[in-house]
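My structure is below; once you've seen it, I'll send some questions.
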Amino acid sequence: MRFYRPPHQPPWRSSNEEWAPQRWRAMHGKPFFRRMGCFFVLFNFFACVGFLALLRFALAPFVEFHSIPPLNRPDFILPFGFAGSLILVVVIFLGVRNLRRISMPLDDLLNASSRVAQGDFTVRVEERGPFEVRALLHEFNSMTEKLELNDRQRRAMLADLSHELRTPVTIIQGNVEGILDGLYPADEAKLRSILEETQILSRLVDDLRTLALAESGSLRLKREATDLGMLIREVVSGFEDQAKEKGICLETELNALEAIEVDPLRIREVLQNLLTNALRYTPAQGKVKVGLVEAGNGSERSVRVFVQDSGAGIESADLPHVFERFYKSGDSGGMGLGLSIAKYLVEAHGGKIWAESETGRGTRISFTLLA
C-alpha cells in the first residue's frame, strides 16, 4: 500500500517508518467519498435555498411578508418550515447513507486498481453495495483472476521454454565439442543424433510461431480441395513405427467422402498433434483409433474427425482446460501447446474441437470442418 510522505518529514521519525499517522491516513484514504459528500451537501444546501425562494414566490400573492411583523405573521409558516427542515434532514441522512454504500466500494475498487497497475494481480475487492456496484466489483475480481492466471502461466511457460530449449542445445553443444576434441567420431550415428535434436528445436520454434500468428489474427490459410481420407492415411502411416515400438495398435475408420476446401498443411499439423498426445498417453497393448465421418446434412454439411485412445483418460478437473495454452496436468509432458494450436487451427477453418474423456477409459478428441 502506498502512503503519503510529506517533503519535510520530522527528523525524529525514522526514514523507513510509515508516514503519516494512522488517523491522518484514515481521514484522507477516501477521496471519492469526500468529493461526493461535499457535492451532496452543497447540492442539498442550494436545493434548500431554492425551495425556500420558490415558496416565498408562491406565497407572495397571498402574504405581504414585508408589511407583517415577525410576531404577527401567519401561524402556518413556523410548522411548515419545521416540517420542511425535518424532511430535509431525513433526506440528507438517507442520501449520505446511500452515498456511503456507493462510494466506499468504489474507493476500494480505486485502491485495488492502483495495486493491479503496479503488477499485484492477487488483489480482490469485497462485492458489496447496490446491484450495479456489486456487478462492477464482480467483473473486476474476474478480471484480476484471469490476469493472475495469465501471469502464472506466463512464468511457467518461460520456465518450461528455457528447459525445453536448454536440453537439445546442451546435447548439440556437447556432441559438437566432443567431435571437435576428438572424443567422438564424426560418424553417421552421432550426426543423426545431432540432427534429431535440431529437429526438436525446429518443431518447438514452429509451434511458438504458429501460436503467435493464431493469437494475433495473422494466420493465413491456403485452402485447396483436399481428400481428408488420404490425408489421414498419410499422417497415420508416419506414426506406425512409433506405435509398433510402444506395442500400440493404430487403427483407422475412414468413410469415403468428397474433397473439401481446407489447408492440408494446417490440418496435417492438427492430426499430428492429436496423434502425438494419443500415443503418449496410451499404454503398451493399447489402441488408438482415427476416424472420419460425415457430420451434417444439406447446406450445413460438415465432416467430423476423431482420435480416440485407450489411455488413463483426463481428470474431470483438467478436462475443461485441455485446450488452453500452456496448460498442463500433473503428468503431462511437453509445453502444453499442441492442443491449443490444434484449437486455433480448427477454429480458423470455421470448425469446432472438443474433448470427451472418462478416467480409466481413454480420451476421444473430435473436430468438425465445414464441407
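Quick caveat, the model's predicted, so the values are computed rather than measured.
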Should Ile365 and Trp354 be marked as a side-chain contact (heavy atoms from CB on, under 4.5 Å) after you check the CA-CA gap, both sets of side-chain angles, and the distance that decides it?
CA-CA 6 Å; Ile365 297 181; Trp354 67 95; over 6 Å; no
CG of Leu109 to CZ of Phe140, rounded to nearest 0.5 Å, is 5.5 Å
Should Val305 and Leu257 be counted in the same cluster of Ile, Leu, Val, Met, Phe, Trp and Tyr side chains packed under 4.5 Å apart?
yes
Would a single hydrophobic cluster contain both Leu195 and Leu180, if residues Ile, Leu, Val, Met, Phe, Trp and Tyr are joined by side-chain heavy-atom contacts under 4.5 Å?
no
Is it true that Arg192 and Glu196 make a salt bridge, defined as a side-chain N closer than 4.0 Å to a carboxylate O?
no
Hey, what do you get for CD1 (Ile172) to CD1 (Ile194), rounding to the nearest 0.5 Å?
7.5 Å
When rounded to the nearest 0.5 angstrom, what is the spacing between NZ in Lys244 and CZ in Phe239?
15.0 Å
Verify side-chain contact (heavy atoms from CB on, under 4.5 Å) between Thr363 and Glu358, making sure each step is shown before the conclusion.
CA-CA 7 Å; Thr363 301; Glu358 186 176 345; over 6 Å; no
With Phe323, which of Ile341, Ile353, Val346 fulfils side-chain contact (heavy atoms from CB on, under 4.5 Å)?
Ile353
Cation over ring, Lys190 on Tyr184, under 6.0 Å and within 45°?
yes
Main-chain N/O of Asp120 paired to Arg115 side chain as donor or acceptor, under 3.5 Å
no
If we ignore hydrogens and angles and just use 3.5 Å, is the side chain of Thr226 paired with the main-chain N or O of Glu224 as donor and acceptor?
yes
With clusters defined by side-chain heavy atoms of hydrophobic residues (ILVMFWY) lying less than 4.5 Å apart, directly or transitively, does Leu370 cluster with Ile267?
no
For the hydrophobic clusters of this structure (ILVMFWY residues joined by side-chain heavy atoms under 4.5 Å, transitively), does one cluster hold both Ile179 and Val169?
yes
Any chance you could measure Gln308, atom CD, to Glu251, atom CD, to the nearest 0.5 Å?
10.0 Å
Run the side-chain contact (heavy atoms from CB on, under 4.5 Å) test on Leu265 and Glu269 for me, step by step, so that the C-alpha distance in whole Å, both residues' side-chain angles and the decisive distance to 0.1 Å come before the verdict.
CA-CA 6 Å; Leu265 293 180; Glu269 189 173 353; over 6 Å; no
Using 4.0 Å as the upper bound for N to carboxylate O, is an ion pair formed by Arg304 and Glu294?
no
Between Arg364 and Ser357, do the side chains contain an N or O donor and an N or O acceptor separated by less than 3.5 Å?
no
What distance separates Ser366 OG from Lys352 NZ, expressed to the nearest 0.5 Å?
10.5 Å
NZ/Lys246: more than 12 non-hydrogen atoms of other groups inside 6.0 Å
yes
Which distance, rounded to the nearest 0.5 Å, do you find between the CG of Asp241 and the CG of Leu250?
11.0 Å
Take Arg268 and Glu234, measure what side-chain contact (heavy atoms from CB on, under 4.5 Å) needs, and give me the verdict at the end.
CA-CA 9 Å; Arg268 181 187 297 271; Glu234 293 176 358; 2.9 Å; yes
Arg220 vs Asp263, salt bridge (Lys or Arg N to Asp or Glu O under 4.0 Å): CA-CA, chis, key distance, verdict
CA-CA 9 Å; Arg220 297 291 180 265; Asp263 186 335; over 6 Å; no
Side chain to side chain, Asn277 and Asp309, heavy atoms closer than 4.5 Å:
no
Shared ILVMFWY cluster between Val262 and Phe306, side chains joined below 4.5 angstrom?
no
